[in-house]
Structures are given as structure tokens and as C-alpha cells.
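One structure is given here, and the rest of the page talks about it.
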Amino acid sequence: MSNIVSIAVFASGSGSNFQAIQEAIECGELNAKIELVVTDKPGAYVVERAKAKGIPVLALSPKDFGSKEAFEQAILAKLQECEVKWIVLAGYMRLIGETLLNSYNSKIVNIHPSLLPSFPGKDAIGQAMEHRVKVTGVTVHFVDAGMDTGPIIAQRAVAVTDGDRVATEQAIHAIEHDLYKEALQATLK
Ligand code: GRF
């Protein structure tokens, strides 16, 4: 495989998107290498998933740092050591600050479980259910300083199963796992 792009995946939770990205790499659908998983939640399940795949993990608690800048400087040092070219957010529940935005200008992407600009921020699926929308979806976008506001790369719609949050969540996650690998393959250079 040529032109393999070095990436870091940032995640705070279960890591099913991390897993889907890694599996896409393993079966040749995505020309990338996950050099590092970064988490702000050392107990998150993504840590187990990364270990099982033999991928190094940087787990740092923001509360151990005096400022967001110091927290991001520690991450940045490791990213540079690993020669990471792109940051891929996959359920990372923290706004990216100036330190990382400046060093990875236009090289940070995120996946969000709604058709942005609808339902940014936390619990996008819950927001969609509350508004009783019939269609929601998934967005992959570049990251800027705002909350889920950067330029959109790809979107896919998902029908909301009437009042059934679990079914809607499952449908969204299945779409996420497909859409992210396709959008990354088209975007990472
Ligand atoms: C996904 O729904 C993603 O869109 C959102 O957080 C969730 C992460 O899920 N940003 P997982 O940890 O990848 O399973």
C-alpha cells in the first residue's frame, strides 16, 4: 500500500469508531496507520480496544494539568514524536483548543451523530428524538474552534425509528462506521 497516512484517533468512550477505522485499515480500505490513540478518560473502553489491536495509547486526565494549553502541549509533544499528520476525533468529548488547532491547521476531522448544523453538541441523538424529527443522520467535518461547526466533508441520512432510541442509535452507529472510513479515505492526504 502506498501513501500511508499517519493518524492519531482521539476518543473518550467506547471506541467503536476507532475499531471500525482500524478494521478498515486492516482490510485495505483505508490507506492510513493509527500511530496513537489519545484519550482524556483513562478508564474508557477505547483503551482496551486499542491494546487489543497493539496500538499505543496516550491517556491523560485534563485535571492533572494546570491549563488546557498545558494539557494540549503534552498531547502535541507525543503527536510530534509519533510523526502524526492528521487527528481523527471519534467520540472525543472535549473542544479542541488553540494549541492543537494551530499545529494541525485543517488536519483535524470529527464525526457527529446528526445532520449538522442541526443538533450540535452533546447528545445529538437525544436532541433529535426530543424534536421528533423523522430523519437525522451523521456528519463528518473539519474541526475549527467552534462546537461541531467546521466545514462539512460528508453526510448521510438515517431514518428515526419512531420513539425508539436504541434502534435509532444502532442505525446511526452502523452508518458512522461506514461513512467515516469512506470520508477519511477521500480526505487524508
Ligand atoms: C459517536 O456517535 C460519534 O459520532 C460521537 O460520539 C460517539 C462515539 O462512539 N461523536 P464510539 O465511542 O466511537 O463508539
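The figures here come from the full heavy-atom set of this structure, side chains too, leaving out hydrogens, waters and symmetry mates. Both ligands and their constituent atoms are indexed starting at 1 by order of listing.
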Has M93 got any heavy atom lying under 4.0 angstrom from an atom of ligand 1? no
Nitrogen or oxygen of G15 less than 3.5 angstrom from that of ligand 1: yes
Exactly one candidate in H173, R49, H177, E176 meets side chain to side chain donor-acceptor pair (under 3.5 Å) with S16; the answer is H177
Which atoms of ligand 1 sit under 4.0 Å from any heavy atom of H173? 1 (C), 2 (O)
Using distance alone, decide if ligand 1 has a nitrogen or oxygen within less than 3.5 Å of any nitrogen or oxygen in I111. yes
Could you check whether any side-chain heavy atom of I172 comes within less than 4.5 Å of a side-chain heavy atom of I125, counting everything from C-beta outward? yes
For H112 and F119, I'd like to know if the aromatic rings sit close, meaning centre-to-centre distance below 6.0 Å. no
How far is atom 9 (O) of ligand 1 from the closest protein heavy atom, and which atom is that? N17 ND2, 3.8 Å
In ligand 1, the atoms that come under 4.0 Å of a heavy atom of S14 are 12 (O), 14 (O)
State whether D162 and R132 are salt-bridged, where the test is any N-O pair (Lys NZ or Arg NE/NH1/NH2 against Asp/Glu carboxylate O) under 4.0 Å. no
Which residue supplies the protein heavy atom nearest to atom 4 (O) of ligand 1, what is that atom called, and how far is it? E176 OE2, 2.3 Å
Heavy atoms only: which of G91, S12, P113 lies closest to atom 6 (O) of ligand 1? G91
Mind checking whether N110 has an N or O less than 3.5 Å away from an N or O of ligand 1? no
Does the side chain of L179 come within less than 4.5 Å of T139's, by heavy atoms? no
Nearest non-hydrogen protein atom, atom 14 (O) of ligand 1: S16 OG, 2.6 Å
Does a side-chain heavy-atom distance below 4.5 Å link I34 with K53? no
Side chains of R156 and D178: closer than 4.5 Å at any heavy-atom pair? yes
